[in-house]
Asker: 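If you scroll down you'll find the structure; I have some questions about it.
We count ligands from 1, going down the list as the structure has it; atoms in each ligand are counted the same way.
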Amino acid sequence: MPNFVVSRSLSTELILRMAMPLGAFALALMLLMGVLAEQRERQFIGNSLNGIAQRTATTLDYQLGERVQDVIQLAWLATTPDYFDSAAARRLFDNKLMRQPAFAWIGFADAQGLLLSASNNQLTGRSVTDWPDFREARHGLHVADLHAEPLLDLHAGSAAHGPDSGRFLGISQGILSEQMALEGVLISKVRWAWIRELVDDLRTGHDGQVGLEIYLIDRHGKVMLVSRDPEVQGSFTLPASSGLLEPGSPRVWQEHAEADGRRYLMTWSAQPPDTSLIGTLGWRVIVRQPAEIALGPVRTLRLQLGVAAGLLTLGILLLAWIQARRISRPLARIAATADAIAHGESRSIPTGSHLEEVDSLARALQQMIDSLLHSERERSQLHHLAHRDTLTGLHNRRALELQMETAAARVGRSGEQFVVFALDLDGFKQVNDTLGHAAGDDLLREVARRLLKAVRREEMLARLGGDEFVVLMMSTPDQLVSHANIVAARILACFEDGIRVDGQTLQVGCSIGAAAGLQGELPETLLPRADEALYEAKRNGRGRLAWWQASS
Ligand SMILES: Nc1nc2c(ncn2[C@@H]2O[C@H](COP(=O)(O)OP(=O)(O)OP(=O)(O)O)[C@@H](O)[C@H]2O)c(=O)[nH]1
């Protein structure tokens, strides 16, 4: 049966040696690529969140700037000091409120702080000297940060009743005469709800940005406005030591854990320049998104890389297995063929593996087998020559001696006994003398053939030389003589009808001397006794069997 153990272990060895380092290298590479890709992906996500913060800040700055321009343009309309103390001014303010929903109220106060005219006639005739909008704007433009103004009973839509009700920004512009004397102050109140709408629009305008939250922070780090999905829960605290609001902070985003355990990706707008409006106000915009949502693409990337790494490893294993099989298979075939040859089959070691070393091995093995077979044939021929009689092909004297030794050992174990026949032809010399040596040889060969038929397979027939033959046989003590007599009778019968040589039938006989051994007697001691009995058979008339007698 072919033995594939070597090739199997070779396959495993090859797979281990090829796949392991390659697999480890590929995995390390994938890991490195994964880390780099993840870093880039995080950077991309953080930057895109930061873009939202930047856009929010820029938009707020732009929109507030526009409202400032509105107020300045209104102030420029005051061609005469009396202009704002007129129905025309009131219509102008009402009209502005209608066209620009950012404004909740617009009014004009004279240099003493008395409101001469106002949109919807609200608060007309009241003094606003205690309003910062009035006080701070006496020398030019003033923007008042978020503040409450309970005096204003507004009807600016539903937002006015919400959390932003009564909360405003103030934009006011002092109006000076040519002599730089204060003639009055144009005051406007911008609805905080309008700011919220702007921020909400910016937040919801980003497709796919689920869970986005935008925070507006004032110059003191206080949260002024929270824009997020009403269903979203979660606390918000400004990161204390992040340098979040520090000017020139190099970081624009970070992962941040809230006290409630929720993790967020948080980013903030760059510090606005003091020349900008929200820079003057010191506003900052913070945008955050739950980390599990924001970093979703990172998780997907990790999963994809994991699957890719798995597939790559499998691919490497498969390739290694194919290569290992390609190398080990021809070796297994060589081993199987060598095994078959060892069990006697006539086969050739297979070549053609396309692997130079394996084919060299196959050729070398074939040469070795050829050489061994050649030596074996020679040895066998030599053995044949040494143990066979060249004329008849029967065992020779040397083979008989060896057989006797082997038989002696066997008899010792089985309890059998020997009989040795010494055979000598009668009248052979005359054949030689009359017909020649070659005819004598022919006769000897024919005699040998007949004797072989007369003895059984387990009985050994040998030619000692000339016309002398020996038969060695074994049997149990009680059957020894009777068996020997039967064999002797068959031998003598071979000569009864004469032997045909050279077209002539020759009358040649055979005399047999037989010696039977006792228990433990070796056959070599029996051969001289058989010779003695042969002599007796010749003396008593030839063509017969004579048993050795102790007294003979
Ligand atoms: N043709 C041939 N003759 C051989 C060979 N070896 C021996 N002889 C001859 O065989 C003869 C044997 O002699 P014997 O046994 O005395 O002859 P025989 O006529 O059988 O005499 P008895 O045994 O007394 O009957 C001799 O003449 C040998 O020369 C051989 O290989 N071939």
Asker: Measure from atom 21 (O) of ligand 1 to the protein's non-hydrogen atoms and state whether any distance is below 4.0 Å.
Answerer: no
Asker: Under 4.0 Å from a heavy atom of D426: give me the atoms of ligand 1 that qualify, with their elements.
Answerer: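 Checking each atom against D426, I get 25 (O).
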Asker: Any idea which atoms of ligand 1 are less than 4.0 Å away from a heavy-atom of G440?
Answerer: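 The list of qualifying atoms is 1 (N).
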Asker: Report yes or no: does a heavy atom of E468 sit under 4.0 Å from some atom of ligand 1?
Answerer: no
Asker: Is R500 salt-bridged to E446, cutoff N-O under 4.0 Å?
Answerer: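 Here R500 does not pair with E446 in a salt bridge, since their nearest N and O are not under 4.0 Å apart.
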Asker: Where on D424 is there a heavy atom closer than 4.0 Å to ligand 1, on the side chain, on the backbone, on both, or on neither?
Answerer: side chain
Asker: Within ligand 1, which atoms have a heavy atom of L425 less than 4.0 Å away?
Answerer: 20 (O), 23 (O), 25 (O)
Asker: Tell me, which protein residue and heavy-atom name are nearest atom 32 (N) of ligand 1, and how many Å apart are they?
Answerer: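 I find the closest protein heavy atom is D441 OD1, 2.8 Å.
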Asker: Do F428 and E468 come close enough that some side-chain heavy atom pair is under 4.5 Å?
Answerer: no
Asker: Using a strict 4.0 Å threshold on nitrogen-to-oxygen distance, state whether E401 and R397 make a salt bridge.
Answerer: no
Asker: What protein heavy atom sits nearest atom 6 (N) of ligand 1, and how far off is it?
Answerer: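 The closest heavy atom on the protein side is G466 CA, 3.2 Å.
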Asker: Answer yes or no: does an N/O atom from L444 fall short of 3.5 Å to an N/O atom of ligand 1?
Answerer: no
Asker: Locate the shortest heavy-atom distance separating L425 from K538; write the atom from each residue and the value.
Answerer: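 Closest approach of L425 to K538: O-NZ, 2.9 Å.
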Asker: Could you list the atoms of ligand 1 found under 4.0 angstrom from a heavy atom of K538?
Answerer: 22 (P), 23 (O), 25 (O)
Asker: Which residue and non-hydrogen atom of the protein lie closest to atom 11 (C) of ligand 1, and at what distance in Å?
Answerer: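 Result: F428 CD2, 3.9 Å.
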Asker: Measure from the side-chain N and O atoms of Q430 to the backbone N and O of G427, and report whether any donor-acceptor pair falls under 3.5 Å.
Answerer: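 No: the side chain of Q430 does not pair with the backbone of G427.
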Asker: In terms of residue, atom name and distance, what is the protein heavy atom nearest to atom 16 (O) of ligand 1?
Answerer: K429 CD, 4.6 Å
Asker: Would a distance-only check, ignoring hydrogens and angles, find a side-chain to backbone donor-acceptor pair under 3.5 Å from D426 to C510?
Answerer: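 Here the side-chain-to-backbone pair exists.
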Asker: Carefully, step by step, assess H343 and E345 under the rule side-chain hydrogen bond (donor to acceptor under 3.5 Å, both in side chains).
Answerer: CA-CA 6 Å; H343 284 81; E345 284 184 41; over 6 Å; no
Asker: Would you say the side-chain atoms of S380 pair up with the backbone N or O of E376, donor to acceptor, closer than 3.5 Å?
Answerer: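 A pair under 3.5 Å: no.
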Asker: If we ignore hydrogens and angles and just use 3.5 Å, is the side chain of D359 paired with the main-chain N or O of G352 as donor and acceptor?
Answerer: yes
Asker: Which option wins on minimum heavy-atom distance to atom 31 (O) of ligand 1: Q430, R463, R445?
Answerer: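 Among Q430, R463, R445, the closest heavy atom to atom 31 (O) of ligand 1 comes from R463.
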Asker: Nearest protein heavy atom to atom 9 (C) of ligand 1, by residue and atom, and its distance?
Answerer: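 Protein heavy atom at minimum distance: N432 ND2, 3.3 Å.
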Asker: Ignoring angles and geometry beyond distance, decide whether D467 reaches within less than 3.5 Å of ligand 1 through its nitrogen or oxygen atoms.
Answerer: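 Yes: some nitrogen or oxygen of D467 is under 3.5 Å from one in ligand 1.
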Asker: Say whether, by atom type as modelled, one donor and one acceptor occur between the side chain of R450 and the main chain of C494 under 3.5 angstrom.
Answerer: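 A pair under 3.5 Å: yes.
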Asker: Numbering the atoms of ligand 1 from 1, which are under 4.0 Å from a heavy atom of R542?
Answerer: 22 (P), 24 (O), 25 (O)
Asker: I want to know if ligand 1 touches L391 in the polar sense, i.e. an N/O pair below 3.5 angstrom.
Answerer: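 No, no N or O pair falls under 3.5 Å.
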Asker: Give a yes or no on whether the backbone of R542 and the side-chain of R544 come within a donor-acceptor separation of less than 3.5 Å.
Answerer: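 A pair under 3.5 Å: yes.
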